[in-house]
Amino acid sequence: MDEPALIHSAQKGDIDAFNRLVLAYQHQVYNLAYRIMGEEASAADATQEAFISAYNHLKSFRGGSFKSWLLRIVTNACYDDLRKRKRRPATSLEDLMSDDNGENEFEIPSNADGPETIMQQHEMAAMLQRGITTLPDDQRVVLVLSDVQGMSYEEIAEITNSNLGTVKSRLSRARGKLREYLQSHGELLPAQYRLEGDGM
Amino acid sequence: MSAYLDKRLPAEEKDFFERHLALCADCHAQLESTRSMVAALRAMPLVKAPRSFVLPREMAKQPRRSFLTWYPALRLATVIAAMAFVVLFASDLLINQPGGGATPQSLPAAAPAPVVMQAPESARQDAPTEEPAVSGASNYDAAAPGTGAAPSETSAPTAKAVVTETMAITESTAMSMMTATPAATAVADTTMRAQMTVEATSELSVPDQQAGLSAEQSTAANLSETPTALEPLRVIEIALLALVIVLGAATFIVRRRQA
């Protein structure tokens with residue numbers, strides 16, 4: 001895929017070129033949205049909004065990492081959705097989480113491990129996802145970008161439009177809170193996934 | 001601890017933290033549990049997107065065209081209207097600035113000042129030779145900034161002519177203000193003409209003096225007519241300001257929708 005050429009064509013209004021970019025990045029974008037939002041429908045909405053917004057603002061893309069640019073847009077879409085939820089508490093995050101219990105039937109097996117290992121990873125991922133959704137929005141976004149998506153502090157600062165010091169402090173607080181959450185719910189996990197210091 | 005885990009601590013802080021870790025079992029345990037947690041987060045499986053997010057053509061293209069065509073035109077119109085308002089308002093301020101008499105906000109408030117200052121000087125110079133001119137000019141000078149008591153010095157037909165001419169000049173001044181561009185120039189011209197006529201009057205004979213009087217009185221009449229003559233200017237300023245606000249709001253909304 002010649003990404004710069006596709007971006008150039010898309011900037012001129014070629015929606016087919018843009019859709020090739022969508023196909024290339026939609027899983028990454030959706031995964032970020034899913035980890036931030038914690039459930040499928042909101043993540044899908046945020047992803048769709050992000051691609052529409054990206055297409056409409058494509059002229060404002062001035063080079064650099066197109067992936068980071070897309071992730072920044074979907075992060076903002078997630079922020080907007082989370083803010084709307086707070087204004088409409090009737091559909092709380094807990095209610096949405098209880099529908100699918102933080103699990104997702106579409107998860108892709110990461111490797112060729114046996115069924116028991118896959119099940120344990122699945123349980124651990126569901127526990128982590130529930131813990132992530134208990135974090136404040138700012139901390140949640142930074143933790144997902146850093147520890148789930150594996151981005152550098154600099155990339156996170158660019159995506160969240162903040163400075164490195166803010167990224168560091170939010171990440172530190174998020175990890176501390178998530179660690180406490182996992183330690184307090186550690187008995188639900190298989191022994192090898194429990195964290196040290198959780199009393200087991 | 002978090003930054004240490006990511007190898008983002010400065011060298012001296014890293015050394016300090018490592019020395020502390022060697023001594024503090026709690027911090028060591030916390031570090032290891034955080035490290036395990038981060039590893040587990042990294043190992044979270046990728047989630048398959050429930051559907052494709054490819055954009056339908058009709059959905060994405062329409063808003064681009066409509067807003068891209070409207071936005072530049074609206075922005076240009078806003079800028080032009082704002083500039084017109086600024087020019088008009090600035091010229092209005094400039095016209096009013098040199099005042100400071102009884103009516104500081106009225107347009108030709110400054111006009112009588114040079115007339116009063118210059119006319120007595122010329123009158124005093126010519127005083128020994130042309131007594132009538134002196135009396136006429138000086139009497140009028142005394143009355144000029146005020147209400148217009150000078151016509152009492154002139155005869156009835158002259159007064160009528162003066163009134164007629166005054167109304168004509170006032171109308172022309174108002175018309176020039178309606179066009180809203182060279183208001184200051186028009187008033188300055190009127191004042192200049194009035195001054196020149198007064199000077200000429202003090203040197204020439206009585207008929208000329210009457211002509212001078214009528215011209216100068218027109219300036220004085222302008223004084224009393226000023227508030228009404230300025231109304232169109234104010235109305236235009238307010239209308240322009242409203243136009244700027246409406247256009248600016250429209251531009252802002254279009255830009256937001258475009259975004």
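By convention in this document, chain letters (A, B, ...) are assigned in the order of the sequence lines, proteins followed by strands, and residues within each chain are numbered from 1.
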**Study point:** Verdict with reasoning, B:R42 to A:V148, per side chain to side chain contact (heavy atoms under 4.5 Å, CB included)
**Key:** CA-CA 5 Å; B:R42 293 259 163 87; A:V148 180; over 6 Å; no

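- Between B:M44 and A:L128 the shortest side-chain heavy-atom distance falls below 4.5 Å.
- Using a 4.0 Å cut-off between charged side-chain N and carboxylate O, B:D6 and A:R175 make a salt bridge.
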Practice item. Kindly determine whether A:I132 and B:L41 satisfy side chain to side chain contact (heavy atoms under 4.5 Å, CB included), including the steps that lead there. Key: CA-CA 10 Å; A:I132 289 170; B:L41 285 166; 3.9 Å; yes

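- For the atom pair B:S52 OG and A:Y30 OH, the distance stands at 13.0 Å (nearest 0.5 Å).
- In this structure, B:M1 and A:S172 have side chains that are not in contact, with every pair of non-hydrogen atoms separated by 4.5 Å or more.
- A:Q183 and B:S33 get closest at one heavy-atom pair: NE2-OG, 3.9 Å.
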Exercise for review: Run the numbers on B:K48 and A:E40 for salt bridge (Lys or Arg N to Asp or Glu O under 4.0 Å), then give the verdict.
Suggested key: CA-CA 10 Å; B:K48 199 170 85 179; A:E40 187 185 308; over 6 Å; no

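- Listed by chain and residue number, B:F17 satisfy the ring pair (Phe, Tyr, Trp, His ring centres under 6.0 Å) test with B:Y4 (two or more places apart in sequence, or in another chain).
- Using a distance-only test at 3.5 Å, with no hydrogens or angles considered, a donor-acceptor pair links the side chain of A:N31 to the main chain of B:V47.
- Residue B:L55 holds its CG atom at 5.0 Å from CD1 of A:I15, rounded to the nearest 0.5 Å.
- In this structure, CG on A:N19 lies 12.5 Å from CZ on B:F53, to the nearest 0.5 angstrom.
- For B:R35, no part sits under 4.5 Å from any heavy atom of chain A, backbone or side chain.
- The shortest side-chain heavy-atom distance between B:S2 and A:K168 does not fall under the 4.5 Å cut-off.
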Check your understanding: Hey, mind stepping through A:Q28 and B:L46 against side chain to side chain contact (heavy atoms under 4.5 Å, CB included) and telling me if it holds?
Key -> CA-CA 8 Å; A:Q28 284 175 281; B:L46 271 179; over 6 Å; no

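- Side chain to side chain, A:R179 and B:T34 meet the donor-acceptor criterion of an N or O pair below 3.5 Å.
- Both the backbone and the side chain of A:Y153 come within less than 4.5 Å of a heavy atom of chain B.
- Contacts with chain B (heavy atom to heavy atom, under 4.5 Å) involve no residue of residues 66-74 of chain A.
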